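Just the heavy atoms: all of them, side chains too, but no hydrogens, waters or symmetry mates, feed the values below. Note that the structure is predicted; figures quoted are calculated from it, not measured.
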Amino acid sequence: MTGPVLETPRLRLRPHLPGDAPFMVRLNANPACVRYTGDRAFGDPSEADAVIAALRLQWAARRMGRLLVEERCSGAPVGWCGLKWHETAGEADLGYRFLEERWGRGYATEASRACIAQAWGPLGLDHIVARAMPENVASVRVLEKLGFRFTGPERDGDGVVHGFRLDRP
């Protein structure tokens with residue numbers, strides 16, 4: 001469960017490991033990185049450990065989940081990306097989060113394409129959903145580039161998000 005699951009020309013995606021907690025703290029402690037997620041910033045390693053444990057459980061159960069994204073050239077972690085299964089809805093959603101200093105490099109699009117290929121291939125999914133806050137213009141643009149179609153507004157906690165769907169070609 002430690003090796004890469006997906007690779008792109010610039011990125012390697014793999015399941016999270018307990019040793020990834022310091023990176024997760026760094027990523028999620030930045031309010032800019034969680035601004036449009038509905039999550040709150042955290043800086044406590046025990047919170048990161050709990051998130052990693054949950055991610056590892058989903059990966060073990062479904063062979064899908066949010067994967068740690070590393071740069072192939074340096075091995076440095078730069079974010080996470082992946083599919084998350086929602087049992088009650090019977091569908092997977094695509095999500096991603098990257099370090100602020102790595103924004104604008106196309107990593108979200110590149111990593112997401114690898115996850116979409118996994119969805120159509122080994123996972124055999126019929127469709128994928130995604131959600132983005134309307135103000136998160138960059139994330140909406142990534143979803144559009146990937147071919148997701150806007151399905152309308154959805155309630156999410158106390159707010160409204162844009163819903164998107166990508167069907168198997």
Taking the side chain as every heavy atom from C-beta outward, state whether Lys145 and Ser112 have any pair of such atoms under 4.5 Å apart. no
Within the side chain of Arg97, is there an N or O that forms a donor-acceptor pair under 3.5 Å with the backbone of Val34? no
Whether Tyr107 and Phe98 hold their rings parallel, tilted or perpendicular, with breakpoints at 30° and 60°: tilted
One pair to check against side-chain contact (heavy atoms from CB on, under 4.5 Å): Leu143 and Phe150. What are the steps and the verdict? CA-CA 9 Å; Leu143 295 171; Phe150 177 66; over 6 Å; no
How far apart are the closest heavy atoms of His16 and Leu67, and which atoms are they? CE1-C, 3.7 Å
List the atom of Lys84, the atom of His86, and the distance in Å for their closest heavy-atom pair. O-CD2, 3.4 Å
Are Trp120 and Val5 linked, directly or through intermediate hydrophobic residues, by side-chain heavy-atom contacts shorter than 4.5 Å (ILVMFWY only)? yes
Could you go through Arg149 and Asp167, starting from their C-alpha distance and side-chain angles, then the distance that decides it, and tell me whether this counts as side-chain contact (heavy atoms from CB on, under 4.5 Å)? CA-CA 9 Å; Arg149 67 177 166 76; Asp167 292 304; 3.6 Å; yes
Smallest heavy-atom separation, Leu166 atom then Gly147 atom, equals CD1-O, 3.3 Å
Rounded to the nearest 0.5 angstrom, the CD-CZ distance for Glu70 and Phe23 is 9.5 Å
Does Trp85 share a hydrophobic cluster with Val129, counting links as ILVMFWY side-chain heavy atoms below 4.5 Å and allowing steps through other members? no
Contact check, side chains of Leu94 and Leu146, non-hydrogen atoms, under 4.5 Å: yes
In Å and rounded to the nearest 0.5 Å, what is the CZ to CE distance from Arg66 to Met24? 10.5 Å
Find out whether Leu83 and Arg62 are in side-chain contact, i.e. whether some heavy atom of one side chain is under 4.5 Å from a heavy atom of the other. no
So how far is it from Arg14 CZ to Trp59 CH2, rounded to the nearest 0.5 Å? 12.0 Å
Side-chain ion pair, Asp20 and Arg26, N-O less than 4.0 Å: no
Val161 with Phe164, same ILVMFWY side-chain cluster at under 4.5 Å: no
Nearest heavy atoms of Phe148 and Ala130, plus distance in Å: CE2-CB, 3.9 Å
Euclidean distance, Ile52 CD1 relative to Leu17 CG, rounded to 0.5 Å: 8.0 Å
Flag side-chain contact, heavy atom, 4.5 Å: Pro134 against Val160: no
Is it the case that atom CZ in Arg35 sees more than 12 heavy atoms from other parts of the structure closer than 6.0 Å? no
To the nearest 0.5 Å, what is the distance between OG (Ser139) and OH (Tyr36)? 10.5 Å
Report yes if some heavy atom in the side chain of Glu110 is under 4.5 Å from a heavy atom in the side chain of Cys81; otherwise report no. no
Which atom pair, heavy atoms only, marks the closest approach of Gln58 to Gly65? OE1-CA, 3.7 Å
Distance from Leu27 atom CG to Glu100 atom CD, nearest 0.5 Å? 10.5 Å
Would you check if Tyr96 and Val69 make a side-chain contact, meaning some heavy-atom pair closer than 4.5 Å? no
Minimum-distance pair of heavy atoms, taken over all atoms of Cys115 and Gly82: SG-CA, 3.6 Å
Trace of the side-chain contact (heavy atoms from CB on, under 4.5 Å) decision for Val25 with Asp44: CA-CA 7 Å; Val25 168; Asp44 185 337; over 6 Å; no
After noting the C-alpha distance and the side-chain angles of Asn136 and His162, does the key distance pass the side-chain contact (heavy atoms from CB on, under 4.5 Å) rule? CA-CA 10 Å; Asn136 191 347; His162 284 334; over 6 Å; no
Is there side-chain contact between Glu7 and Arg12, with at least one heavy-atom pair below 4.5 Å? yes
Could you tell me if the side chain of Gln118 sits less than 4.5 Å from the side chain of Leu125, heavy atoms only? no
Same hydrophobic cluster for Val142 and Met133, using side-chain heavy-atom links shorter than 4.5 Å among ILVMFWY? no
Quick one: does Glu154's side chain have a donor or acceptor within less than 3.5 Å of a partner on Arg131's backbone? no
